[in-house]
Amino acid sequence: MKKNLKWKLLATIVVCCIAVYLVLTKPIPRGIDLAGGTYFTIEVMTDGLSDEKKNEAVDQTLAVYRNRVDEIGVAGTIIQRAGENQIRVQIPGIDTKESERIKGILSRQAHLEFRVVVDGPGKPITINNKSI
């Protein structure tokens, strides 16, 4: 019995030492409550859509916001559904100025533009009286 007790005590001490080492060497990431920051709650307009289309619209919007926030490169960002047709974006550790910039990025509308690149296959394009 004493032999088992010694091994258990030794294992407990080793685990405690490892835990103390990890706590002292690895910083604990702070969330929005400790580090400050901001959060946005965005409501997706789903009026007149069926339940299936509503879920699909919210999921697509969630993916768009996730891509936009990933472009910003802020660590610790949480993007999740909040209710039936709302999305909450939590961004810890940013100030008011940065918060306004991110709000602008999240609220911008997508823009799709089509341009003619070539005037038919093999035909030269003329720009400013120069053939390309």
Side-chain angles (χ1 to χ4, degrees):
M1 188 74 163
K2 280 188 169 184
K3 204 172 195 181
N4 277 344
L5 183 62
K6 288 180 183 179
W7 283 109
K8 287 179 183 178
L9 182 62
L10 182 64
T12 304
I13 292 172
V14 168
V15 168
C16 288
C17 289
I18 292 172
V20 168
Y21 171 77
L22 290 176
V23 166
L24 294 177
T25 59
K26 306 270 186 197
I28 299 172
R30 295 181 175 185
I32 196 168
D33 53 344
L34 296 176
T38 190
Y39 73 92
F40 305 103
T41 302
I42 302 149
E43 185 170 344
V44 181
M45 295 174 52
T46 58
D47 299 335
L49 295 176
S50 67
D51 288 339
E52 183 180 320
K53 292 290 183 183
K54 283 181 184 180
N55 284 333
E56 187 177 320
V58 173
D59 289 342
Q60 287 177 351
T61 307
L62 187 69
V64 168
Y65 283 130
R66 190 164 281 132
N67 288 337
R68 287 183 183 178
V69 170
D70 286 346
E71 288 176 9
I72 298 168
V74 178
T77 303
I78 299 171
I79 305 169
Q80 61 189 4
R81 286 181 82 148
E84 189 175 313
N85 63 342
Q86 293 180 339
I87 297 172
R88 176 166 291 151
V89 179
Q90 297 178 347
I91 307 171
I94 60 170
D95 59 1
T96 306
K97 185 177 179 183
E98 186 71 12
S99 171
E100 289 299 319
R101 185 180 78 83
I102 291 172
K103 185 177 178 183
I105 290 171
L106 292 176
S107 64
R108 76 173 187 243
Q109 292 183 355
H111 181 71
L112 181 61
E113 189 173 304
F114 292 97
R115 294 185 180 195
V116 176
V117 177
V118 177
D119 188 26
K123 295 182 182 177
I125 300 171
T126 306
I127 298 176
N128 296 335
N129 297 326
K130 295 181 182 178
S131 293
I132 298 177

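This chain uses plain numbering: 1 for the first residue, then up along the sequence.
Considering CG of N4 and CG of L9, their distance stands at 12.5 Å, rounded to 0.5 Å. R66 contributes atom CZ, which lies 12.0 Å from atom OG1 of T61 (distance to the nearest 0.5 angstrom). Remark: I79 CD1 to L62 CG distance equals 7.0 Å, nearest 0.5 Å. Distance CG/L49 to CG/N85: 10.0 Å, rounded to 0.5 Å. Of the inter-residue distances, the one linking Q90 atom CD with T77 atom OG1 reads 9.5 Å to the nearest 0.5 angstrom. How far OG1 of T46 is from CG of D51: 9.0 Å, rounded to the nearest 0.5 Å.
Applying the side chain to side chain contact (heavy atoms under 4.5 Å, CB included) test between V89 and each of V69, I102, I78 identifies V69 as the sole match.
Remark: the backbone N or O of E84 is paired with a side-chain donor or acceptor of R81 at under 3.5 angstrom.
By the 4.5 Å heavy-atom criterion applied to side chains, L10 and K6 are not counted as neighbours.
Under the 4.5 Å side-chain contact rule for hydrophobic residues, L22 and V14 share a cluster. Both Y21 and I18 are part of a single hydrophobic cluster, where members link through side-chain heavy atoms under 4.5 Å apart.
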